[in-house]
Amino acid sequence: MDVSMTLWVLTIVGLAALIAVDFFIGRKPHDVSMKEAGIWTVVWIALAGLFGLGLLLFSGGQPAGEFFAGFITEKSLSVDNLFVFVLIMAKFSVPTQYQQRVLLVGVLIALVLRAIFIAAGAAILASFAWVFYIFGAFLIYTAWKLIQEARADDEDEEFEENRLLKAVERRFGVADRYHGTKLWIQQNGKRVMTPMLVVMLAIGTTDVLFALDSIPAIFGLTQDPYIVFTANAFALMGLRQLYFLIGGLLRKLVHLSYGLSVILGFIGVKLVLHALHESGVHVPEISIPVSLGVICAVLVVTTITSLMASRKQAAEETRETGGVQKAEGSEGSEKDSIDV
């Protein structure tokens, strides 16, 4: 897809305007209701859909298909990342009325860092086709690792600060409490960071680790930097509202990691096949319609099986709780009869 510098500038300006609107709406700290989160989640998904339709009308089916496949994949990986965001919020005891501001700035940091990753990735792939082998192998390894982590089922997982974040905290110091939405304060004659800034940096820098699998994944669907960037941007920019909308449902998506492992493994195989094809080996390549169909099918099946498993688990817990209460009631009745 041939993208002019003018289109790049207009796209970035348009995304910046959307971010400004989002910031203006959430400028006043408050608890986000399910209604507010639901409305804005629909708005962001609708904007992504309109952008994809625009690509279909002006650039054809191939770029549009690549965008939708990339957007759905990045959105799915972002949902899995929300588990870590929940851990970060708990780790830093972020007040509920400040969480939307934290997510907004954290996601903005992530968007800038991903833009750098995308530019570097596009330059590397344009110069060295063999990098596709590395990306493909890495995604297959990541898929296997996701399955291992899902099978471990560690419920006591906690967020651990990375080395960069710890170094920044040591260098500047951190206040002992939140000071509204302030990022810096004067404490004992020294300018120090507030916990608000620390948690923003935690979310933004942690997303860099997520980009290590999401960026290769979308490059496995398209090598067009414009589509890679816009798909990532739309997937990230609605993440704040999605956090509040499905926060209570995250624990019910018990099979999400398995579904994502299948998707990453599938894209990894697609990358390896593409690399072989680029090397002159006659192997079949997986088309975008097939990729989009597989990704959607896996997510639908994963969601259905997750909700069924969660419902079954809840029913079993209810039966066990009822059995314990019944047994305690019987013991109490027996004791009363003996006392009489």
Side-chain angles (χ1 to χ4, degrees), residues 19 22-23 25-34 36-37 40-41 77-114 149 152-214 235-253 256-257:
I19 293 173
D22 195 24
F23 186 84
I25 293 171
R27 71 189 187 284
K28 184 178 180 181
H30 65 280
D31 293 328
V32 179
S33 66
M34 290 290 287
E36 178 184 346
W40 282 104
T41 296
L77 291 169
S78 296
V79 170
D80 190 46
N81 298 344
L82 290 181
F83 283 104
V84 180
F85 290 174
V86 170
L87 295 177
I88 292 175
M89 294 293 188
K91 169 76 174 181
F92 294 98
S93 302
V94 182
T96 56
Q97 66 269 27
Y98 299 143
Q99 289 184 3
Q100 64 165 343
R101 178 65 63 85
V102 168
L103 287 168
L104 178 61
V105 178
V107 167
L108 183 59
I109 294 172
L111 185 58
V112 173
L113 293 176
R114 285 202 182 197
E149 292 176 353
D153 193 24
D154 187 4
E155 296 182 355
D156 297 326
E157 185 179 2
E158 293 184 359
F159 171 75
E160 293 292 336
E161 298 177 43
N162 55 58
R163 292 181 179 179
L164 176 61
L165 194 59
K166 289 180 179 179
V168 172
E169 290 178 3
R170 288 195 299 268
R171 171 64 179 82
F172 296 100
V174 183
D176 56 357
R177 63 182 178 86
Y178 286 88
H179 294 263
T181 57
K182 291 181 179 179
L183 305 182
W184 298 89
I185 63 165
Q186 290 290 334
Q187 182 173 286
N188 298 327
K190 180 183 178 182
R191 192 166 182 257
V192 299
M193 300 189 302
T194 66
M196 176 70 74
L197 178 56
V198 175
V199 70
M200 287 177 179
L201 293 175
I203 287 181
T205 55
T206 299
D207 188 79
V208 174
L209 300 178
F210 299 150
L212 293 179
D213 55 37
S214 64
L236 283 175
M237 289 168 65
L239 199 58
R240 177 172 67 89
Q241 290 82 1
L242 197 61
Y243 171 87
F244 295 104
L245 181 64
I246 68 173
L249 296 177
L250 285 176
R251 296 296 176 185
K252 294 184 179 181
L253 299 176
L256 179 61
S257 292

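All values reported here derive from a predicted model rather than from experimental measurement.
Nearest heavy-atom pair across Tyr98 and Gly180 is OH-CA, 3.3 Å. Taking both residues in full, the closest heavy atoms of Arg171 and Lys190 are given as O-NZ, 4.5 Å, listed atom of the first, atom of the second, then distance.
Scanning for ring pair (Phe, Tyr, Trp, His ring centres under 6.0 Å) contacts around Tyr178 gives an empty result, with sequence neighbours left out.
Side-chain contact between Met89 and Thr96 is absent, with no heavy atoms from C-beta onward closer than 4.5 Å.
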Sequence neighbours left out, cut at 3.5 Å: what donor-acceptor pairs do the side chains of residues 194-201 make with other protein atoms?
| residue | atom | partner | partner atom | Å |
| --- | --- | --- | --- | --- |
| Thr194 | OG1 | Lys182 | O | 2.6 |
| Thr194 | OG1 | Leu183 | O | 3.3 |
| Thr194 | OG1 | Met196 | N | 3.3 |

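One distance of note links CD of Gln99 with CZ of Phe92; it measures 13.0 Å at 0.5 Å rounding.
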